[in-house]
Asker: 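Mind looking over this structure? Questions follow.
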Amino acid sequence: MRRVRPLTTAVSAAVLLGSLQGCSEHKDRGYTLPAEKLREGERAEKGRTGRSSDMQFTVVAYTDGITSILGTHAEMDPHGRFARLRLLCVNTGRDIQVFDTWAQRLVLADGRQLGADVNGTMVKRQPERLSVGANMRAEFDLWFDVPKGAKIKSVRLFGSPSVGMVTDPPPADIPLP
């Protein structure tokens, strides 16, 4: 029977390092989600991202000038015009973030701020409050009833406080076209 000598420390370290380097050379950096079709009058947005606390917000599509909406139980006309934002929320933290539709604001060019429209939200059956779990993403619409003649400047979005925070986090201000 032949006796095999154990590998030296230097050789062992080289083998271990080589195997670890193989892990860091993994080519995948993410995954691709299926594309969604734009809805009538909607335009895709790029680079419209902001962060409030552990919640990262991205406006993925935007529609302005909607004159009427139809849902499963009602048809609704706005007082002015409806604006719809398709919003992607990603919780980058380790605890639940609560998205509160009623806390979000549409900022007009004259400085006024509008809350999300209750009727548009209900008719289109969008969430009022949504718990977004750690590393979870959610995509949905925010509806606003914009006064006639008003120009939209941006959307101000609020995440919920992270663990240990004693005040509300600053909002994410995202410019809109």
Asker: Which value, rounded to the nearest 0.5 Å, describes the distance between Phe144 atom CZ and Leu108 atom CG?
Answerer: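 Spacing of CZ (Phe144) from CG (Leu108) equals 10.0 Å.
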
Asker: For Arg51 versus Ala172, what's the shortest heavy-atom pair and its separation?
Answerer: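 Minimum heavy-atom separation between Arg51 and Ala172: N-CB, 3.4 Å.
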
Asker: Hey, mind stepping through Arg125 and Thr72 against side chain to side chain donor-acceptor pair (under 3.5 Å) and telling me if it holds?
Answerer: CA-CA 9 Å; Arg125 298 200 186 268; Thr72 58; 2.8 Å; yes

Asker: In Å, rounded to the nearest 0.5 Å, how long is the span from CG of Asp77 to CZ of Phe82?
Answerer: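 Going from the CG atom of Asp77 to the CZ atom of Phe82 covers 7.5 Å.
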
Asker: If every non-hydrogen atom of Phe57 is compared with every non-hydrogen atom of Ser52, which pair is closest and at what distance?
Answerer: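 Reported closest heavy-atom pair: CE1-CB, 3.9 Å.
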
Asker: Below 6.0 angstrom between ring centroids: does that apply to Phe99 and Phe140?
Answerer: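 Yes, they do, as the ring centres are separated by less than 6.0 Å.
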
Asker: Taking Val163's backbone N and O only, do any of them form a donor-acceptor pair with Asp95's side chain (distance below 3.5 Å, no angle check)?
Answerer: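 Pair absent, no side-chain N/O of Asp95 close to backbone of Val163.
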
Asker: Can you confirm whether Trp143 sits close enough to Leu85 that some side-chain heavy atom of one is under 4.5 Å from a side-chain heavy atom of the other?
Answerer: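 A side-chain contact under 4.5 Å is absent here.
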
Asker: Would a 4.5 Å heavy-atom cut-off, applied to side chains only, mark Arg81 and Asp64 as touching?
Answerer: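 Side-chain contact under 4.5 Å: yes.
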
Asker: Is it possible for you to say whether Leu38 and Ile69 belong to one hydrophobic cluster, with membership spreading through side-chain heavy-atom contacts below 4.5 Å?
Answerer: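 Hydrophobic grouping puts Leu38 apart from Ile69.
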
Asker: Which distance, rounded to the nearest 0.5 Å, do you find between the OG1 of Thr101 and the CG of Leu130?
Answerer: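 With rounding to 0.5 Å, OG1 (Thr101) is 8.0 Å from CG (Leu130).
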
Asker: Considering only heavy atoms from C-beta outward, does the side chain of Ile174 approach that of Ser154 to under 4.5 Å?
Answerer: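 Of all side-chain heavy-atom pairs linking Ser154 with Ile174, none is under 4.5 Å.
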
Asker: Out of curiosity, Arg48 CZ to Tyr62 OH, how far, rounded to the nearest 0.5 Å?
Answerer: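 Rounded to the nearest 0.5 Å, the CZ-OH separation comes to 9.0 Å.
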
Asker: To the nearest 0.5 Å, what is the distance between NZ on Lys46 and OG1 on Thr58?
Answerer: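 Nearest 0.5 Å value for the NZ-OG1 distance: 11.5 Å.
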
Asker: Sub-3.5 Å donor-acceptor pair from the side chain of Glu75 to the main-chain atoms of Gly71, do we have one?
Answerer: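 Flag not set: sc Glu75 to bb Gly71 has no pair under 3.5 Å.
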
Asker: Should Glu139 and Arg137 count as an ion pair when the cut-off is N to O under 4.0 Å?
Answerer: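 Answer for the salt bridge query: no.
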
Asker: Would you say the side-chain atoms of Asn91 pair up with the backbone N or O of Gly133, donor to acceptor, closer than 3.5 Å?
Answerer: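 Such a contact is found between Asn91 side chain and Gly133 backbone.
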
Asker: Can you spot which of Val60, Leu176, Val59 makes a side chain to side chain contact (heavy atoms under 4.5 Å, CB included) with Glu45?
Answerer: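 Result for side chain to side chain contact (heavy atoms under 4.5 Å, CB included) with Glu45: Val59.
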
Asker: Can you tell whether the side chains of Arg86 and Glu42 come within less than 4.0 Å, N to carboxylate O?
Answerer: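 So Arg86 does not pair with Glu42 through a salt bridge.
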
Asker: Can you see which heavy atom on Asp117 is nearest to which on Gly120, and at what distance?
Answerer: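 Minimum heavy-atom contact is OD2-N, 2.6 Å.
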
Asker: Going by heavy atoms in the side chains, are Met165 and Ser53 under 4.5 Å from each other?
Answerer: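 Yes, at least one pair of side-chain atoms sits under 4.5 Å.
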
Asker: So which of Ser162, Pro169, Cys89 actually passes side chain to side chain contact (heavy atoms under 4.5 Å, CB included) with Gln97?
Answerer: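 Answer to the side chain to side chain contact (heavy atoms under 4.5 Å, CB included) test with Gln97 among Ser162, Pro169, Cys89: Ser162.
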
Asker: Provide the closest heavy-atom pair for Leu70 versus Val123 in the form atom of the first, atom of the second, distance.
Answerer: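 Closest approach of Leu70 to Val123: C-CG1, 4.1 Å.
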
Asker: Measure the shortest side-chain to side-chain distance between Arg156 and Gln104 over non-hydrogen atoms and say whether it is less than 4.5 angstrom.
Answerer: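 No, every pair of side-chain atoms sits at 4.5 Å or beyond.
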
Asker: For Val98 and Arg129, what are the C-alpha separation, side-chain angles and deciding distance, and is it a side chain to side chain contact (heavy atoms under 4.5 Å, CB included)?
Answerer: CA-CA 7 Å; Val98 177; Arg129 289 177 59 87; 3.3 Å; yes

Asker: Taking the side chain as every heavy atom from C-beta outward, state whether Leu142 and Leu106 have any pair of such atoms under 4.5 Å apart.
Answerer: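 Side-chain contact under 4.5 Å: no.
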
Asker: For Arg39 and Asp141, work out which heavy atoms get closest and say how close.
Answerer: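 Nearest heavy atoms, Arg39 then Asp141: NH1-OD2, 2.7 Å.
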
Asker: Please give me the minimum heavy-atom distance between Arg112 and Pro147, naming the atom from each residue.
Answerer: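 So the two residues come closest at NH1-CG, 4.0 Å.
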
Asker: Counting C-beta onward and ignoring hydrogens, is there a side-chain heavy-atom pair between Ile152 and Val146 closer than 4.5 Å?
Answerer: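 A side-chain contact under 4.5 Å exists here.
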
Asker: Do Arg84 and Lys124 make a side-chain contact, defined as non-hydrogen atoms from C-beta onward lying under 4.5 Å apart?
Answerer: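 Of all side-chain heavy-atom pairs linking Lys124 with Arg84, none is under 4.5 Å.
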
